[in-house]
Amino acid sequence: MPPVVRFAPSPTGFLHIGNVHTALFNWLFARHEGGEFRLRIENTDTSREVAEATEQIQESLRWLGLEWDGPVTFQLDRMDRCREEAHRLVAQGKAYEDEGAIRIRMPDDGTTAWDDLVRGPIEYPNEKLEDLVAIRSDGRPTYNFASPVEDWLDGITHIIRGDDHISNTPKQIRILEALGAPPPEYAHVSHILGPDGATLSKRHGSVSVEDFRAAGYIPEALTNYLALLGWSYDDRTEIMTVSELVERFTLERVGASPAVFDYQKLEHFNGVHLRALPPGEYAERLVGYLREQAYEWDEELVRRAAPLVQEKISTLAQFPGFAGFLFGEVDPDPALLDREVLERAAAALEGVEPFDAEGIEQALRALADELGTSPRRAFQPIRVAVTGSKVSPGLFESLELLGKDRALSRLASAGAVAA
RNA sequence: GGCGCAUUCGUCUAGGGGCCUAGGACGCCGCCCUCUCACGGCGGUAGCACGGGUUCGAAUCCCGUAUGCGCCUCCA
């Protein structure tokens with residue numbers, strides 16, 4: 001029987017990257033096993049913010065490529081059913097009323113145990129289990145009751161969730177037992193921590209999927225990096241495509257210790273996946289990103305500039321700083337300029353026809369030769385004059401994209417302010 | 001406090017008794033490539049939390065300690 005798993009976020013805001021981690025493990029497991037991945041929203045309230053968060057969560061999952069199966073279900077819609085089940089348990093003597101609330105009886109001795117798919121056998125002494133409230137006095141089911149009831153209704157076979165739920169598991173096992181539901185398998189994965197060992201939060205940097213998206217990361221890198229937090233394929237394979245992850249992911253290779261989120265390594269992964277994109281696809285990602293970020297730059301020029309930066313930047317967000325000189329004026333530091341070089345470069349470029357990288361390179365190398373300096377030294381003032389920075393895409397290609405007119409005018413105005 | 005879970009380079013991890021004088025990756029350092037930056041190549045730095053066992057032999061098994069985290073709510 002193919003497994004059925006679920007991701008059950010509460011709609012309190014944007015999708016946190018830590019939740020994405022568990023969602024990803026559920027999704028990879030379901031896809032690898034040919035099972036189903038369900039999305040359940042644990043809403044307890046109908047406020048407007050919640051409705052927006054619900055939409056946001058789905059948008060984030062779609063962007064990441066974590067498509068779910070079947071309709072999205074809402075905890076709110078199951079409240080009546082939860083109450084019915086609770087009353088049934090009361091009628092069966094497995095639960096009782098307590099000042100308007102309903103409590104489920106828990107065993108007093110012995111232990112409740114399960115074989116955790118990630119952690120192995122876990123035992124919990126029953127004397128620590130209190131009769132737990134299933135229905136509050138106001139009639140609302142509690143999380144610890146509603147969650148297992150819904151898992152049962154949805155036919156969830158494997159519960160893959162954060163390790164903060166380990167202590168809830170014995171209670172839920174007993175509830176399922178009382179309901180007469182078949183017990184699911186449990187797999188508790190570790191939480192993701194910030195560099196200081198505390199739960200990852202805003203002050204560490206990006207935390208929500210939207211944050212990472214705005215920071216110029218792409219789904220391929222995020223899923224690849226996240227998959228490697230607590231899971232590994234072997235002792236050397238790290239860079240993987242989504243389909244490779246699906247093909248290789250197994251719960252057996254999920255580790256139990258917590259992992260610290262490393263932004264630098266994510267950025268490295270992002271660079272690798274960015275470089276691996278076909279040039280046309282890369283250009284479209286760049287255009288899409290700039291559009292989302294509300295840049296109103298000539299998209300045709302962005303596409304032409306894309307190949308110049310693909311090998312050089314590791315997040316899409318670096319594009320404006322790196323290639324912005326193509327889209328707006330520059331303000332070079334006079335101290336880094338050299339009047340003679342700039343004047344002679346302008347003269348040399350004047351005659352280049354057609355004005356393409358190849359011709360430009362020939363002309364400028366010849367110039368360096370005439371000046372008796374290394375290309376390194378000769379090109380730097382030109383780069384600064386044209387791009388406004390000591391760091392830029394390839395100089396010849398940049399000049400070509402800029403066009404002869406703009407190139408010459410930048411050389412001229414820089415020459416005028418040169419020290 | 002009780003119960004539970006965790007503990008290999010700074011970080012992510014491989015490792016499940018001899019293959020480990022512990023492998024890979026990010027970061028960092030050096031060199032090479034080079035029009036800058038980046039990419040790429042080469043080399044280097046750095047780790048089995050501690051203490052007892054078990055065993056011919058332990059990073060690997062057991063016990064204890066320490067540390068971290070989680071839960072102990074009519075929160076989710």
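Values reported hereafter were calculated over all heavy atoms of this structure, with side chains retained and with hydrogens, waters and symmetry mates removed. Within every chain, numbering begins at 1; the chains are lettered A, B, ... in the order of the sequence lines, protein sequences first and strands thereafter.
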Item to complete: Let me know the distance between CE of A:Met106 and P of B:C72, rounded to the nearest Å.
Response: 14 Å
Discussion item. Counting the atoms with a prime plus P, OP1 and OP2 as sugar-phosphate, which does A:Lys128 contact under 4.0 Å by heavy atoms, base, sugar-phosphate, or nothing?
Written reply: sugar-phosphate
Item to complete: Using Watson-Crick or G-U wobble geometry with both distances below 3.5 Å, tell me the partner of B:U60, or none.
Response: none
Worksheet entry | A:Arg383 versus A:Ser389, side-chain donor and acceptor atoms under 3.5 Å | no
Practice prompt. In plain terms, say whether A:Asp151 and A:Arg40 are close enough for a salt bridge, that is, a side-chain N and a carboxylate O under 4.0 Å apart.
Written response: yes
Worksheet item: Considering only side-chain heavy atoms of A:Ala259, which listed nucleotide, B:U36, B:C12, B:G4, is closest?
Response: B:C12
Item to complete: For nucleotides B:G52 and B:A66, find the distance between their C1' atoms and express it as a whole number of Å.
Response: 14 Å
Worksheet item: Within the modelled atom types, does a donor on one side and an acceptor on the other bring the side chain of A:Arg275 and the base of B:C39 under 3.5 Å apart?
Response: no
Worksheet item: Among B:U7, B:C35, B:C74, which nucleotide sits nearest the side chain of A:Phe379?
Response: B:C35
Worksheet item: How far does the C1' atom of B:C12 sit from the matching atom of B:U7, given to the nearest Å?
Response: 15 Å
Item to complete: Would you indicate what A:Glu311 reaches in the nucleic acid, counting non-hydrogen atoms under 4.0 angstrom: base, sugar-phosphate, or nothing?
Response: base
Worksheet item: Any idea which of B:C12, B:A76, B:C74 is nearest the A:Leu229 side chain?
Response: B:C12
Practice prompt. Please evaluate the base of B:C39 for a donor-acceptor partner in the side chain of A:Lys312 within a cut-off of under 3.5 Å?
Written response: no
Item to complete: Please measure how far the C1' atom in B:U45 lies from the corresponding atom in B:C39, and state the result in whole Å.
Response: 23 Å
Worksheet item: Contact class for A:Asp98 (heavy atom, under 4.0 Å): base, sugar-phosphate, or nothing?
Response: base
Practice prompt. Let me know the distance between CG of A:Asp235 and C1' of B:U13, rounded to the nearest Å.
Written response: 10 Å
Fill in: Separation between the C1' atoms of B:A6 and B:U65, rounded to whole Å
15 Å
Practice prompt. Describe the nucleic acid contact of A:Ile166 in one word from base, sugar-phosphate, nothing, applying a heavy-atom distance below 4.0 Å.
Written response: sugar-phosphate
Worksheet item: Can a side chain N or O of A:Arg140 be found less than 4.0 Å away from OP1 or OP2 on B:U73?
Response: no
Discussion item. For B:C74, does the base pair up with any side-chain atom of A:Ser137 as donor and acceptor (N or O, under 3.5 Å, distance only)?
Written reply: yes
Fill in: base_contact_polar (B:G4 base, A:Glu123 side chain, donor-acceptor, <3.5 Å)
no
Discussion item. Check the orientation of A:Phe261 and A:Phe212. Use parallel for under 30°, tilted for 30 to 60°, and perpendicular for over 60°.
Written reply: tilted
Worksheet item: Taking atom C1' in both B:C63 and B:C26, what distance in whole Å separates the two?
Response: 37 Å
Worksheet entry | Salt bridge present between A:Lys404 and A:Glu353 (N-O < 4.0 angstrom) | yes
Worksheet item: A:Thr169 and A:His188: side-chain donor and acceptor closer than 3.5 Å?
Response: yes
Discussion item. So, OP1 or OP2 of B:G23: does either fall under 4.0 Å of a side-chain N or O from A:Arg236?
Written reply: no
Worksheet item: Looking for any heavy atom pair under 4.0 Å, which part of the strands does A:Arg377 touch: base, sugar-phosphate only, or nothing?
Response: nothing
Worksheet, complete the sentence: Comparing A:Pro141 with A:Tyr124, nearest RNA chain B nucleotide closer to 5' gives the residue A:Tyr124
Worksheet entry | Contact under 4.0 Å: A:Arg253 side-chain N or O vs B:G15 OP1/OP2 | yes
Worksheet item: Would the A:Phe249 and A:Phe25 ring centres measure less than 6.0 Å apart?
Response: yes
Worksheet entry | Separation between the P atoms of B:U54 and B:G15, rounded to whole Å | 29 Å
Worksheet item: Say you pick atom C1' in B:U8 and the same atom in B:G16; how far apart are they, in whole Å?
Response: 13 Å
Worksheet item: A:Arg376 has a side chain; which of B:U34, B:C74, B:A6 sits nearest to it?
Response: B:U34
Discussion item. So A:Tyr225, base contact, sugar-phosphate only, or nothing? Heavy-atom distance under 4.0 Å.
Written reply: nothing
Practice prompt. Mind checking A:Ser392 for me? I need base, sugar-phosphate or nothing, with any heavy atom below 4.0 Å counting as a touch.
Written response: base
Discussion item. Applying the Watson-Crick and G-U wobble criteria at under 3.5 Å, what pairs with B:G40? Answer none if nothing qualifies.
Written reply: B:C32
Worksheet item: At under 4.0 Å between heavy atoms, what does A:Gln380 touch on the DNA or RNA strands: base, sugar-phosphate, or nothing?
Response: sugar-phosphate
Practice prompt. For A:Gly100, report the nucleic acid contact type (base, sugar-phosphate, nothing); a contact means any heavy atom under 4.0 Å.
Written response: nothing
Worksheet item: Using the P atom in both, what is the distance from B:C61 to B:G1, to the nearest Å?
Response: 28 Å
Discussion item. What's A:Phe322 touching, base or sugar-phosphate or nothing? Going by heavy atoms closer than 4.0 Å.
Written reply: base
Worksheet item: Is the shortest side-chain N to carboxylate O distance from A:Asp138 to A:Arg140 below 4.0 Å?
Response: yes
Discussion item. Which is more 5' along RNA chain B, the nucleotide nearest A:Val272 or the one nearest A:Lys265? Just name the residue.
Written reply: A:Lys265
Practice prompt. Give the rounded distance in Å between these two atoms: CD of A:Gln75 and P of B:A76.
Written response: 7 Å
Discussion item. Is the ring pair A:Trp297/A:Phe327 parallel, tilted or perpendicular, if the boundaries are 30 and 60 degrees?
Written reply: parallel
Discussion item. Closest approach to the side chain of A:Glu238, judged atom by atom: which nucleotide of B:C71, B:A25, B:U11 is it?
Written reply: B:A25
